[in-house]
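Data block below; observations after.
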Amino acid sequence: MARPNAEVEALLREYADLVAITGGDAFRARAYEKAARAIGGYPADISALDAEELRQIPNVGRSIADKVAEYLRTGTMAVVEERRARIPAGVRELIAIPTLGPKKALRLYEDLHISSVDQLAAAVEADALADLKGFGEKTQDNIRHGIELLRQAGARVPLPRALDTAEEIVGELSAVPGCERCAYAGSLRRMRETVGDLDVLVAAGRSAPFMEALCGLPATAEVIARGTKKTSVRTGEGLQVDLRVVPPRSWGAALQYFTGSKGHNIRTRTLAVHRGLKLSEYGVFDTGSGESVASRTEEEVYARLGLPWIPPVLREDRGEIEAALGEGLPELVTERDIRGDLHTHTDLTDGLAPLEVMVEAAAGRGYAYYAVTDHAPDLSMQRMTKEKVLAQRERLRELDGTRHGMRLLHGTELNIGPDGEVDWPREFLAGFDLCVASLHSHFDLGRAAMTRRLVRACENPCVHLIGHPTTRLIGRRPGVDADWDEVFAACARTGTALEVNAQPDRLDLCDEDILRARAQGVKFAVNSDAHCVPHLAHLRFGVGTAQRGWLTGEDVVNTWPLARLRRFLRKDGRG
DNA sequence: GCTTTGAAAAGCCTGATCACGAATGATCA
């Protein structure tokens, strides 16, 4: 994806926040947010556009187009610099704390001169907020809890951002003369949902040029340590990068070692010891003679331990060693196996792109089928009506099969009410090819009520798929509390699939829940939940999560041919 | 600040929930 779009999106979002904090017209702040979203979701690279062309993007008018053009030309945006000078960056960080918005942030800054999360935490502990108007006992509790949430995730970086940085660094280092191999390892290679630090590996005869190159990268803000075998830096975004340069003959062993996880490595080393071998980042060695017996490739290293090559996503010591030694590893679902996306939006509700544009882009991805699932009326801010959705259906039927033969399914994303009921009467729902049902409100009903609610939704014959089942937002909101084993059992019993939502801040269900649900025989759908064209590509993160949950093509309904998928959607349990 | 409607001005992502403090404003989906 084009980076300039993301940069401008971030900048406009920052400006929107600063406008909201400094007060004034709320609609102005919202206008910048809308423009930020439109530019972030714009399919083409904006860096080649002039102000006139920028105005063609929806929600970008004269004023914003000029500001963006200024940024693309000069690298800065004057109005943002002005506001930054008035409001310290830390004040904006405060509104990342759940339950704390722009108004409270400004009050904290103006009355108590608090301009960082750390200062706020200290002020709460010192009970310094008690005298502030609008900050009662409960608000302080919420702030305390919010800071805790933020800190749990704060040290780790979301998968896509880590991947961007890693690919950039790997690209740069691969171009350095003498580079035989270069790759990222660690939790990123295992596709964990967040990444603590980046492990980058180079195979080369001499290490100095690579250490030099890493320290000199534009992304590098600070050098933490610099040696001949290992160098650590921190990027401007605060991500630590550890570079290790190994001799080419040790490549496979080093890759295996630095990919981890810790648990997996302990198991493989123990396995080596039982075979009279020693496993390290330099190779597999015979304990008696000290001779290296394998090290060039991962396959070689695993083979020497009596194992097949194990995909990195499985290396968590969650039974992969036993499976590899016994019944065999699962044939993991891949992105290529996905025949269609079953949860996507258009600009009829909160998506950015029109139906035609989304369909065109989906066809470009080679899908055999594609479902459009805009929001239903109970999410009132989306202002959906029967008339609107029927008009969409008519247009969708016209487009069906006209783009590389891709078949279109008309669906909707329903809201599961507190009692487990969903929008629209049953007769009307029967007219959809596919209904996704999701929680969008009432997140703290208590475990028993939440479980009943979800089970009830599964039992609805019109509901085919539960969207982002726990509704967690990584680093911002924990998932809802329910007896998930009971919910999974209901899914299996009723033939309701669970979504693996690929939005990088959701990845919901997560890998561990997938493992539990799969054990009960639940089927899954890996969907992008795309709200614009670039989001369709997020599917890879969903597939990574599904793989971490050991899913095969057989487990994932949107790898199936359309005829089989349609049988599954009849919910008669025959799949 | 953008878009739409009608040519300058109105309307915009609404409505529930929560916390504070006694009717309202902030926050979030």
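Each chain gets a letter, A, B and so on, in the order the sequences are listed, and its residues count up from 1.
Distance CG (A:Asp25) to P (B:dA10): 14 Å, rounded to an integer number of Å. Atoms CG (A:Leu129) and P (B:dC20) sit 11 Å apart, rounded to a whole Å. Atom CE of A:Met384 and atom P of B:dG15 are 16 Å apart (whole Å). The distance from atom NZ of A:Lys103 to atom C1' of B:dT24 is 14 Å, rounded to the nearest whole Å. As rounded to whole Å, 13 Å separates atom C1' of B:dT27 from atom CZ of A:Phe443. A:Lys34 places its NZ atom 10 Å from the P atom of B:dC2, with the value rounded to the nearest Å. Summarising the geometry, the separation between NE2 on A:His145 and C1' on B:dC18 is reported as 15 Å, rounded to the nearest angstrom. In this structure, A:Lys138 atom NZ and B:dC18 atom C1' are separated by 9 Å, rounded to whole Å.
Residue A:Arg28 places none of its side-chain N or O atoms closer than 4.0 Å to OP1 or OP2 of B:dC12. A:His440 has no side-chain polar atom (N or O) that falls below the 4.0 Å cut-off from OP1 or OP2 of B:dC28. The shortest distance between the side-chain N/O atoms of A:Lys67 and the OP1/OP2 oxygens of B:dG1 is below 4.0 Å. Contact annotation: A:Arg30 does not reach the phosphate of B:dC12 (side-chain N/O to OP1 or OP2, under 4.0 Å). Applying the 4.0 Å criterion to OP1 and OP2 of B:dC20, one finds that A:Thr139 has a side-chain N or O inside that range.
Under the 6.0 Å distance and 45° angle rule, A:Arg339 does not count as a cation-pi partner of A:Tyr369. Under the 6.0 Å distance and 45° angle rule, A:Arg393 counts as a cation-pi partner of A:Phe432.
Using a 4.0 Å heavy-atom distance criterion, A:Asn142 is classed as a sugar-phosphate-only contact. Among the atoms of the strands shown, none is found under 4.0 Å from any heavy atom of A:Gln382. Looking at heavy-atom distances under 4.0 Å, A:Arg107 makes no contact with the nucleic acid at all. When heavy atoms are screened at a 4.0 angstrom cut-off, A:Leu100 is found touching the sugar-phosphate backbone but no base atom. Among the atoms of the strands shown, only primed sugar atoms or phosphate atoms (P, OP1, OP2) are found under 4.0 Å from some heavy atom of A:Ser63.
The same atom, P, is picked in B:dA22 and in B:dA16; the two are 24 Å apart, to the nearest Å. Remark: the separation of the C1' atoms in B:dG11 and B:dT5 is 11 Å, to the nearest Å. The same atom, C1', is picked in B:dC13 and in B:dC28; the two are 12 Å apart, to the nearest Å. B:dG21 sits 26 Å from B:dT14 when the C1' atoms are compared, rounded to a whole Å. For B:dG6 and B:dG1, the P atoms lie 25 Å apart once the distance is rounded to whole Å. Taking atom P on both B:dG15 and B:dA8, the two are 32 Å apart, rounded to the nearest angstrom. Separating the P atom of B:dA23 from that of B:dA29 is a span of 30 Å, rounded to the nearest Å.
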Can you list the steps and then say if A:His343 with A:His345 is a ring pair (Phe, Tyr, Trp, His ring centres under 6.0 Å)? CA-CA 7 Å; A:His343 181 177; A:His345 297 272; 5.2 Å; yes
What verdict does the ring pair (Phe, Tyr, Trp, His ring centres under 6.0 Å) test give for A:His531 and A:His538, after you've listed the backbone C-alpha separation in whole Å, the side-chain angles of each residue and the deciding distance to 0.1 Å? CA-CA 11 Å; A:His531 285 67; A:His538 284 162; over 10 Å; no
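Both A:Leu132 and A:Arg383 sit near DNA chain B, but only A:Arg383 has its closest nucleotide nearer the 5' end. The residue among A:Pro98 and A:Pro58 whose nearest nucleotide of DNA chain B is located toward the 5' end is A:Pro58.
Relative to the side chain of A:Lys104, the nucleotides B:dG1, B:dT27, B:dC12 differ in distance, and B:dT27 lies closest. Relative to the side chain of A:Arg477, the nucleotides B:dA29, B:dG1, B:dT14 differ in distance, and B:dA29 lies closest.
Separating the CD1 atom in A:Ile97 from the NZ atom in A:Lys104 is a distance of 11.5 Å, to the nearest 0.5 Å.
Look at B:dC13: its glycosidic torsion is within 90° of 0, and that puts it in the syn range.
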List the atom pairs, donor and acceptor, that lie under 3.5 Å between side-chain atoms in residues 23-35 of chain A and the rest of the protein, sequence neighbours left out.
residue, atom, partner, partner atom, Å
A:Asp25, OD1, A:Phe27, N, 3.0
A:Tyr32, OH, A:Lys67, NZ, 3.0

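With contacts defined as side-chain heavy-atom distances shorter than 4.5 Å, the pair A:Thr22/A:Arg86 qualifies.
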